[in-house]
Amino acid sequence: MTAPGTPTTAPPPAEDGALRRAIGPRLLILFVIGDILGTGIYATTGKVAGKVGGALWLPFAIGFVVAILTAASYVELVGKYPKAAGAALYTQKAFKTPFLTFIVAFMVMCSGLASASAAARAFSGDYLSELTGDALPPTLIAITFLVLLAALNLRGVSESVKTNVVLTLVELTGLAIILAIGAYAVLSGDGEPSRLTEFEAGGGTGYALMTSVLGATALGFFAFVGFEDSVNMAEETKDPVRTFPRAIFIGVAVTGTIYVLVALVSSLLVDHKTLEGSSGPLLEVVKAGGVDFPHKLFALIALFAVTNSALINIMMASRLCYGMANERILPRAMGRVLAKRRTPVVGIVFVSLLAIGLVSTGEIEGLGDTTAFLLLCVFAVVNVAVLVLRRDRVDHAHFRTPTALPVLGAITALILASPLADRPAEVYIRAGILLAIGVALWAVNKAVLRTRGEE
């Protein structure tokens, strides 16, 4: 094993029949950035402002640090085990407990569904209203949105990494517009700098301030999720042991910097109460910026960003469901595919029904918080797993993160997942119901396998 920054040696070449290694360093960096960008910053910025006040930049700065800590653990693990299974693979190798591995995999799947549902809520909000007016109830629009994504998924949506690059550039364009508006406002002497140090803490006590900042950070962390999905591209990446450290660290650093700057601009130009009350907070920034940029065009860019996030998450969740069925940890029926399209029909229907249930019972803030909570729990497990797996030696050199980072990563993830983060009880209830559904499916599958003598 090598220390951080030491040149590494790739593992042996893939065997015949393996996935084609077509992703180079630049494409992987853009893939990581594209995976992180999307619904979080476009939709939840206002809700984060509602929790913390004008110091909107602080939760995103703390979230960036937490993301880097866990990213370092993923980098070590993907270099050590360059396989396309992510957190579930690391959990199984570290703890060798199939039920825990299943819970981690199911939590990752459900986090994708909660994220897609938050995106559906964002799609049905102020960004769409800017284009069409308030013609239909938002919940109906959100459900229709998810049904259309399911239909696209059933037809066999195939998005190459090069297509993802185009989508990423469009999403980046929207955020670049926000930063340009902010720069113009600063140079023009507009905006209210005093807002940047204002905190909104109920009761005004130190404890209330701490919980409001932690709560805002936990919700803002929703904007950073996505980098963990990139490890599933390990078997399609050229020399993943060398490529992933730079790609993940650069991806998280670029998005973290953009998020902090966007938060500063948002708070500088718009009062936190106005941001909180909008489901399209960045549109409020465009309107307040004093720049004659077409509001409808920005709304269209934002809709594109949240649509892309939702589609990727629905696809990821349905494939995870399909994979778990093939591994016989979910009922086999959930692995059925359409004969002509070869798409996982039962998995797509199942995850889409769960997403519709989520979007029918939650709003952007609660769904985003549910996504972050589930992944924070997964991240705590991954950070512990990297320490446990230090005793497992592999025959190739790879990145090794300083021991302090996964320790801090596990601690910060657990703190942000705990009640100290001042999240509503509905988030824990929603996550509990999702996990109960998963455990029920696990139990049914085990009973069927036992009956057939296949266990």
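Computation of the quantities below employed the complete heavy-atom set of this structure, encompassing side-chain atoms and omitting hydrogens, waters and symmetry-equivalent molecules. Keep in mind that this is a model prediction, so the values were computed, not measured.
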message: Looking at every non-hydrogen atom in both residues, tell me the closest pair between I248 and V32 and how far apart they are.
response: CA-CG1, 4.4 Å
Considering all heavy atoms, the nearest T217-G63 contact: CG2-N, 3.9 Å
message: Looking at K80 and L389, would you say the former's side chain and the latter's main chain have a donor-acceptor pair under 3.5 Å?
response: yes
Any donor-acceptor pair under 3.5 Å from T211 side chain to A208 backbone: yes
field: Side chain to side chain, I103 and V381, heavy atoms closer than 4.5 Å
entry: no
- line: dist H398:NE2 -> L77:CG (nearest 0.5 Å) comes out at 9.0 Å
message: Testing the basics here: between A385 and A94, what is the closest heavy-atom pair and its distance to 0.1 Å?
response: CB-CB, 3.8 Å
- prompt: Say you draw a straight line from CG of D190 to CD1 of I181; how long is it, rounded to the nearest 0.5 Å?
  reply: 12.0 Å
task: Check the side chains of T361 and R430 for a donor-acceptor pair under 3.5 angstrom, ignoring hydrogens and angles.
output: no
Distance-only donor-acceptor hits, side chain of residues 405-425, under 3.5 Å, sequence neighbours excluded:
from	atom 1	to	atom 2	distance (Å)
T412	OG1	L408	O	2.8
T412	OG1	G409	O	3.1
S418	OG	I415	O	2.7
S418	OG	L420	N	3.2
R423	NE	D369	OD1	3.3
R423	NH1	L416	O	3.0
R423	NH1	A417	O	3.1
R423	NH1	S418	O	3.4
R423	NH1	Y428	OH	3.2
R423	NH2	L416	O	2.8

query: Using 30° and 60° as the class limits, which term best fits the ring planes of Y90 and Y81: parallel, tilted or perpendicular?
result: tilted
- prompt: Please walk me through it: do V378 and S111 pass side-chain contact (heavy atoms from CB on, under 4.5 Å)?
  reply: CA-CA 10 Å; V378 171; S111 72; over 6 Å; no
Distance (rounded to the nearest 0.5 Å) between I33 CD1 and L169 CG: 9.5 Å
- prompt: If you round to the nearest 0.5 Å, how far is CG of L320 from CG of N313?
  reply: 10.5 Å
- prompt: What residues form a ring-ring contact (aromatic ring centres under 6.0 Å, His included) with F249, not counting sequence neighbours?
  reply: F399
query: For the atom pair CD1 (I178) and OG1 (T173), what is the distance rounded to the nearest 0.5 Å?
result: 12.0 Å
field: K51/E365 ion pair, N-O < 4.0 Å
entry: yes
Close side-chain approach of L358 to L434, heavy-atom, < 4.5 Å: yes
Pairwise side-chain contact, F350 with M109, heavy-atom cut-off 4.5 Å (strictly under): yes
query: Is the closest side-chain heavy-atom distance between F106 and L374 below 4.5 Å?
result: no
- prompt: Who passes salt bridge (Lys or Arg N to Asp or Glu O under 4.0 Å) against E276, sequence neighbours left out?
  reply: none
field: Non-hydrogen atoms of S278 and P281 that approach each other most closely
entry: OG-N, 3.5 Å
statement: Looking only at heavy atoms, the pair that brings A87 and V104 closest together is CB-CG1, 3.8 Å
- request: Evaluate the side-chain proximity of V260 to L58: yes if any heavy-atom separation is below 4.5 Å, no if none is.
  value: no
message: Using only atom types and a distance under 3.5 Å, with no angle test, would you say the side chain of W57 pairs donor to acceptor with the backbone of L196?
response: yes
- prompt: For the residue pair V265 and G182, what are the closest heavy atoms and their distance?
  reply: CG1-CA, 3.6 Å
- request: Show the numbers, then the answer: is there a side-chain contact (heavy atoms from CB on, under 4.5 Å) between V213 and F199?
  value: CA-CA 9 Å; V213 171; F199 289 90; 4.1 Å; yes
- request: Take F379 and F227 through the ring-ring contact (aromatic ring centres under 6.0 Å, His included) test and state the conclusion after the steps.
  value: CA-CA 12 Å; F379 287 174; F227 70 85; 5.6 Å; yes
field: Donor-acceptor under 3.5 Å (E76 side chain, T401 main chain)
entry: yes
message: Is there a side-chain contact (heavy atoms from CB on, under 4.5 Å) between S279 and R121? Walk through the geometry before answering.
response: CA-CA 8 Å; S279 58; R121 276 292 182 185; over 6 Å; no
message: Do I143 and V359 have side chains that approach each other closer than 4.5 Å (heavy atoms only, starting at C-beta)?
response: yes
statement: Here the gap from I258 atom CD1 to L172 atom CG, rounded to the nearest 0.5 Å, amounts to 5.0 Å
- prompt: Is any side-chain heavy atom of E228 less than 4.5 Å from a side-chain heavy atom of V225?
  reply: yes
query: Would you call the rings of Y42 and Y127 parallel, tilted or perpendicular if under 30° counts as parallel and over 60° as perpendicular?
result: perpendicular
message: Using a 3.5 Å distance criterion without hydrogens, assess whether the side chain of T371 forms a donor-acceptor pair with backbone atoms of S115.
response: yes
message: Could you check whether any side-chain heavy atom of T144 comes within less than 4.5 Å of a side-chain heavy atom of L148, counting everything from C-beta outward?
response: yes
- prompt: Is the side chain of S212 donor-acceptor paired with the backbone N or O of V52 at a distance under 3.5 Å, no angle test?
  reply: no
message: Can you classify the ring geometry of F60 versus F224 as parallel (below 30°), tilted (30 to 60°) or perpendicular (above 60°)?
response: tilted
- request: Output, in order, the C-alpha distance, side-chain angles, deciding distance and verdict of side-chain contact (heavy atoms from CB on, under 4.5 Å) for L264 and L268.
  value: CA-CA 6 Å; L264 285 167; L268 188 70; over 6 Å; no
- prompt: Is there a donor-acceptor pair under 3.5 Å between the side chain of K238 and the backbone N or O of P25?
  reply: no
